[in-house]
Asker: 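First, the structure itself, so that you have it in front of you.
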There are 2 protein chains.
Amino acid sequence: MKKQGLLLIISGPSGSGKGTIVEQLKAKEDFSVSISATTRAPRGAEQDGVHYFFRTKEEFQHMIDNQELLEWAEFCGNRYGTPRTYVTEKMMQGQNVILEIEVQGALQVKKLYPKGILIFLVPPNLEELGRRLTNRGTEDKEAINRRIHRALEEMEFVQEYDYVVINDTIEQATEDILSIVKAESMKCSRNKEIKKIFKGEI
Amino acid sequence: MKKQGLLLIISGPSGSGKGTIVEQLKAKEDFSVSISATTRAPRGAEQDGVHYFFRTKEEFQHMIDNQELLEWAEFCGNRYGTPRTYVTEKMMQGQNVILEIEVQGALQVKKLYPKGILIFLVPPNLEELGRRLTNRGTEDKEAINRRIHRALEEMEFVQEYDYVVINDTIEQATEDILSIVKAESMKCSRNKEIKKIFKGEI
């Protein structure tokens, strides 16, 4: 009997290192990373089914109406959502799945699927977040301040998450998340067959 | 501000390797292991305050009456219990504390202290448990069968625990428990000050 995979829902302010850590997790263990659907147009080399599922407004609305999305939200006039099928299929195959989504979407998913593991990734402190955003060198001071303001807003939701991981270094934060995955896989609530396994019945 | 230590409550049938794993945990990380109070007489080289706190029946009753015990139970006419002060003092000092106690006591502690982490340790299966008990060579077949019967009874309570750890090898089970400790220390419910820390307020 194949054990169902875990659903990891990772959020965190921009500058928290989410993207890099998700890449590390993929490299270290067999995680599937969910691909979002979006109504926005592809940019540069972005490919359908690799970076996003690119959909028309009508197609996206159809997905909402048919409850094909685990969560969705609108940003700057474009819609983004998590297709349900990809996630549930991978989990049924025993694969752990990662969703890297923002706070509102994360809480929507948790409501639908309480066994999902909500992880909030934070930089050690505000000062360090400012430093990291500045060091990227891609944005002006005003844009950085907006991101810091947004980070503070998102921090208001941290207590609705299951775990908080402080990203001091990428390596340590990746290891921390792997410990969470290992611990969660040992939860009795996820091992209801343990008595039968012990008795040799299955 | 010192973070409060975690309380680990480890149970498991005899032959599950509890004792050895607790020794390993102590050797690897800074855990305090709670010492039980008992009314039974010291055996061999057993020392008061090291192996047990040896108490008279009157003293033990006094501890019960004054709610000085986190849990207690009677076996073969002797009483055994966990003194509360040692546990709470160590935790307040930021130390993780291990209680190695049987199922009924473990569930009593969890009721009193819901933040306690209940870990059920099991051998991979019944057959292996039989093999381990036989290989000890210290008991006859009847005694071994009684232990196996008791293990099956205890397994009925596994779903009331938080985690189940399968002891395939001592090293792996020890690492598994350390992952649980690490993950639990990242629970948002145990990090209520995270927002203030992030903002640099504390």
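Here is how names work: the chains are called A, B, and so on, in the same order as the sequence lines, proteins then strands, and each is numbered from 1. A quick note: this is a predicted structure, and the numbers were derived from the prediction, not measured.
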Asker: Between Val122(B), Ile194(B), Leu118(B), Leu129(B), who has the most heavy-atom pairs with chain A when the cutoff is under 4.5 Å?
Answerer: Ile194(B)
Asker: Is a side-chain N or O of His149(B) found less than 3.5 angstrom from the main chain of Asn145(B), in a donor-acceptor match?
Answerer: no
Asker: Using a 6.0 Å distance limit plus a 45 degree cone around the ring axis, check whether Arg40(B) lies over the aromatic ring of Tyr52(B).
Answerer: yes
Asker: Do any of residues 151-166 of chain B come closer than 4.5 Å to chain A, heavy atom to heavy atom, and if so which ones, in number order?
Answerer: Leu152(B), Met155(B), Glu156(B), Val158(B), Gln159(B), Tyr161(B), Asp162(B), Tyr163(B), Val164(B), Val165(B), Ile166(B)
Asker: When you measure from the side chain of Asn125(B) to the backbone N and O of Phe198(A), does any donor-acceptor pair fall under 3.5 Å?
Answerer: no
Asker: Would the number of heavy atoms belonging to other residues, nucleotides or ligands and lying under 6.0 Å from CD of Gln67(A) be above 12?
Answerer: no
Asker: Do the charged groups of Glu139(A) and Arg146(A) touch, with an N to O distance under 4.0 Å?
Answerer: no
Asker: What part of Ile119(B) is in contact with chain A, defined as an atom under 4.5 angstrom from a non-hydrogen atom: side chain, backbone, both or neither?
Answerer: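 Interface part for Ile119(B): neither.
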Asker: Which residues in residues 168-185 of chain B have any heavy atom closer than 4.5 Å to a heavy atom of chain A?
Answerer: Glu175(B), Asp176(B), Ser179(B), Ile180(B), Lys182(B), Ala183(B)
Asker: Lys18(B): what forms a salt bridge (charged side-chain N to carboxylate O under 4.0 Å, His left out) with it, not counting sequence neighbours?
Answerer: none
Asker: Show your reasoning for whether side-chain contact (heavy atoms from CB on, under 4.5 Å) applies to Tyr113(B) and Met91(B).
Answerer: CA-CA 12 Å; Tyr113(B) 187 70; Met91(B) 284 168 64; 3.0 Å; yes
Asker: Under the salt bridge (Lys or Arg N to Asp or Glu O under 4.0 Å) rule, what pairs show up with a residue in residues 75-89 of chain A, not counting sequence neighbours?
Answerer: Glu74(A)-Arg79(A)
Asker: Taking Arg55(B) first and then Asp48(B), would you say they form a salt bridge - that is, a charged N and a carboxylate O separated by under 4.0 Å?
Answerer: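 Between Asp48(B) and Arg55(B) there is a salt bridge, with a charged N closer than 4.0 Å to a carboxylate O.
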Asker: Pick from Glu127(B), Lys195(B), Glu128(B), Lys192(B): which one has the most heavy-atom pairs with chain A under 4.5 Å?
Answerer: Lys195(B)
Asker: Look only at the side chain of Gln93(B) and the backbone of Gln95(B), and say whether a donor-acceptor pair between them is shorter than 3.5 Å.
Answerer: no
Asker: Find the distance between OG1 (Thr39(A)) and CZ (Phe53(A)) and round it off to the nearest 0.5 Å.
Answerer: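 Between Thr39(A) OG1 and Phe53(A) CZ, I get 15.0 Å after rounding to 0.5 Å.
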